[in-house]
Amino acid sequence: MKTITIDLGSISYPVYISENILGQLPEFVKNIEVPGRIYVIIDEFIYKKYSSEMEVFFRKNEINPFVLKGKKNNKTFYSAMKIFADLDGGNFARDTTIFAIGGGVIGDLAGFVSSCWYRGSNLVHIPTTLLSAVDSCLGGKTAINFKSTVNAIGSYHHPTAILIDSKLLMELPPREISSGFAEIVKYALLGAPKITECISEENTLSSSLLAWYVEQSLKQKERFVKNDISESANRLFLNFGHTIGHAIEFSTIYNGEETLRHGQGVALGMLAIFRICIELGYLEESDIKWLRSILDRYGLPIYYESMTIGLKPEKLVKSILNLTFKDKKRTNTGLRLILLDGIGNPFIYKTDNQKLIKFGIEEVIK
Ligand SMILES: NC(=O)c1ccc[n+]([C@@H]2O[C@H](COP(=O)([O-])OP(=O)(O)OC[C@H]3O[C@@H](n4cnc5c(N)ncnc54)[C@H](O)[C@@H]3O)[C@@H](O)[C@H]2O)c1
């Protein structure tokens, strides 16, 4: 088992990475701070697939888990209200520890509930997607979506521990592994030489290599979040590729179903930003060629076919552009994009230049 300590300046917590976390939860509970009763919010898929491994944990702690689908449209007030009602009905006190077992949807929702319950109960994250293991479990951001606005309502609430099961991550479907890799590539682009070296080599993914990526990624995230928990400076760099990426992800929802996973949107968003950086003279044509080859290696898209959702490219570009400018990170002085002045050197670029952003989006919409 690998134990790392995440030190964010004002707060620190342990991360345990091991091969069979779910089957050993009773032992882990002894090691981490769990003062009161345990309440579990778990992804339906994980519950169905792994409940026999967690049976002893559930039985010993008299847990009747709250099970829900890890879908974007479950990250709502409605779900939160149902959980509050369940907590209230079960007389869960302030010293309750909420275990969030699932991907980013479950983590964000459970984190939000935990931050509100008696103004803050304990929280333990057990991320079960690669994206949540390398990104969303760390940093304390919690959120629910509201009306058409993603992550509109939320808080900062940190876990007391993070438990990561590397064997479970290895069993993820390829699309989920790819989605998580987009964030790993992002860390490389922001300046992580060890990760850059590793993703550039032909490696067969194993449970130990995946555990190494998770560890390296979390250390990178710690670097940007440290002393900037409320996202006023360095932490903003982590949004690299996300402003346009989110707009692509949400503009390509078809009949209420996503056609791109979060990481796939981020991959396209990073390519769009590379095109903008080249246009402004900060990156070279060879850089985007290199990025395309890396994304392709990890099964990530390098463009999106607009006819997938029955739209002409011009129409989809327009809708992505509109959504990009609606992004909440827009300030009164313009859109705050993260650009790179060479690989590994992020900076904030404020702009209202729609033509420039459109040029970037056109790079990835065919
Ligand atoms: N708080 C943060 O800092 C932060 C950062 C990035 C993303 N997010 C949020 O994370 C969410 C996306 O998270 P996600 O990509 O983890 O997706 P997700 O939670 O929606 O899960 C994706 C799918 O994978 C399934 N799944 C979960 N674990 C699995 C497993 N082990 N094997 C097979 N299937 C599994 C789920 O049931 C779901 O269908 C978004 O809501 C986003 O806003 C939050």
Side-chain angles (χ1 to χ4, degrees), residues 6 8 21-22 41-51 53-54 67-76 79 100-112 114-115 123 125-146 149-159 162-184 186-187 207 210 214 217-218 221-222 224-225 229-231 235-236 238-243 245-246 249-250 253 257-258 260-267 269 327-328:
I6 294 298
L8 301 179
I21 295 270
L22 289 188
I41 303 173
I42 185 166
D43 186 295
E44 186 184 84
F45 179 88
I46 300 297
Y47 183 66
K48 282 185 180 156
K49 187 167 176 190
Y50 298 101
S51 60
E53 293 182 30
M54 292 180 282
V67 184
L68 86 166
K69 281 197 169 78
K71 290 188 94 176
K72 282 188 180 109
N73 48 11
N74 266 341
K75 231 175 86 173
T76 57
S79 304
I101 312 180
V105 163
I106 300 295
D108 277 11
L109 172 68
F112 176 71
S114 174
S115 75
L123 174 67
H125 276 305
I126 306 185
T128 62
T129 60
L130 186 57
L131 179 118
S132 57
V134 298
D135 184 3
S136 63
C137 69
L138 193 154
K141 277 193 190 177
T142 86
I144 52 174
N145 304 328
F146 188 66
T149 309
V150 179
N151 298 334
I153 300 168
S155 54
Y156 289 99
H157 186 61
H158 294 269
I162 299 172
L163 314 180
I164 298 176
D165 190 322
S166 54
K167 188 173 124 279
L168 175 146
L169 294 182
M170 271 305 284
E171 291 168 8
L172 278 165
R175 195 176 185 221
E176 287 300 322
I177 298 266
S178 293
S179 181
F181 257 98
E183 299 292 346
I184 296 173
K186 178 192 78 179
Y187 293 126
S207 158
L210 204 55
V214 170
S217 298
L218 293 180
K221 184 150 185 188
E222 173 192 49
F224 289 102
V225 176
I229 281 172
S230 59
E231 201 177 33
R235 186 171 183 167
L236 283 169
L238 293 169
N239 293 325
F240 178 73
H242 281 60
T243 302
H246 273 150
E249 185 186 342
F250 287 93
I253 290 177
E257 293 295 328
E258 61 181 27
L260 289 172
R261 295 288 301 118
H262 176 76
Q264 296 177 309
V266 169
D327 188 276
K328 61 189 180 304

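Basis for what follows: all heavy atoms, side chains included, without hydrogens, waters or symmetry-related copies. Remember, it's 1-based here, ligands and their atoms both numbered in the order they're listed.
The protein non-hydrogen atom at the shortest distance from atom 10 (O) of ligand 1 is Gly104 CA, 3.2 Å. Protein heavy atom closest to atom 7 (C) of ligand 1, with residue, atom name and distance, is Leu131 CD2, 3.9 Å. Annotation: atom 6 (C) of ligand 1 to nearest protein heavy atom, Asp135 OD2, 3.6 Å. Given atom 44 (C) of ligand 1, the protein heavy atom at minimum distance is Asp108 OD2, 3.2 Å. Of the protein's non-hydrogen atoms, Thr129 OG1, 2.6 Å is the one closest to atom 16 (O) of ligand 1. Closest to atom 39 (O) of ligand 1 among all protein heavy atoms lies Gly70 O, 3.7 Å. Atom 5 (C) of ligand 1 has as its closest protein heavy atom Ser136 CB, 3.4 Å. Nearest non-hydrogen protein atom to atom 22 (C) of ligand 1 is Arg261 NH2, 3.2 Å.
Using a non-hydrogen distance threshold of 4.0 Å, Arg175 does not register as a contact of ligand 1. Between Glu44 and ligand 1 there is no heavy-atom distance shorter than 4.0 Å. Remark: distances from the non-hydrogen atoms of Ser179 to ligand 1 are all 4.0 Å or more.
Panel note: side chain Lys75, backbone Asp108; no donor-acceptor pair is recorded below 3.5 Å.
By the 3.5 Å distance cut-off applied to N or O atoms, Lys75 is counted among the residues near ligand 1. Residue Leu172 places no N or O, backbone or side chain, under 3.5 Å from any N or O of ligand 1. Remark: ligand 1 and Thr142 share no N or O pair separated by less than 3.5 Å (distance only, no angle test). No N or O atom of Val150 sits closer than 3.5 Å to an N or O atom of ligand 1. Taking only nitrogen or oxygen atoms, main chain and side chain alike, Asp43 reaches within less than 3.5 Å of ligand 1. Considering both main-chain and side-chain atoms, His262 never comes within under 3.5 Å of ligand 1 through any nitrogen or oxygen pair. An N or O contact shorter than 3.5 Å is missing between Phe45 and ligand 1 by distance. In terms of polar-atom proximity, defined here as any N/O pair under 3.5 Å, Tyr50 makes no such contact with ligand 1.
Close approach to Lys141 involves these atoms of ligand 1, each under 4.0 Å from a residue heavy atom: 1 (N), 3 (O). In summary, the atoms of ligand 1 found under 4.0 Å from a heavy atom of Lys221, numbered by their order in the structure, are 3 (O). Residue contact check: Pro173 has heavy atoms under 4.0 Å from atoms 33 (C) of ligand 1.
Side chains of Leu169 and Glu176 form no contact here, defined as non-hydrogen atoms less than 4.5 Å apart. With a 4.5 Å cut-off on side-chain heavy atoms, Cys137 and Leu218 count as touching. You'll find the side chain of Asn74 stays beyond 4.5 Å of the side chain of Leu109, heavy atoms only. With a 4.5 Å cut-off on side-chain heavy atoms, Glu222 and Leu8 count as touching. Residues Ile184 and Leu130 meet the side-chain proximity criterion, which asks for heavy atoms closer than 4.5 Å. For the pair Ser217/Asp135, no side-chain contact is recorded, criterion being any heavy-atom separation below 4.5 Å from C-beta on. At a threshold of 4.5 Å between non-hydrogen side-chain atoms, the residues Leu238 and Lys186 count as touching.
Of the heavy atoms in Ile46, only side-chain atoms (C-beta onward) come closer than 4.0 Å to ligand 1.
Side-chain contact of Ser114 with His157: a donor-acceptor pair under 3.5 Å is present, judged by distance alone. One side chain, His242 or Glu183, offers a donor N or O that lies under 3.5 Å from an acceptor on the other.
Screening Ile42, Leu68, Ile101 for a side-chain contact (heavy atoms from CB on, under 4.5 Å) involving Tyr47 leaves a single residue, Ile42. Screening Leu172, Leu168, Ile21 for a side-chain contact (heavy atoms from CB on, under 4.5 Å) with Thr128, the sole residue that qualifies is Leu168.
Atom-to-atom distance recorded for Lys49:NZ and Leu22:CG is 10.5 Å, nearest 0.5 angstrom.
Ion pair Lys71/Glu257 flagged as a salt bridge, since at least one NZ, NE, NH1 or NH2 atom sits closer than 4.0 Å to an Asp/Glu carboxylate oxygen.
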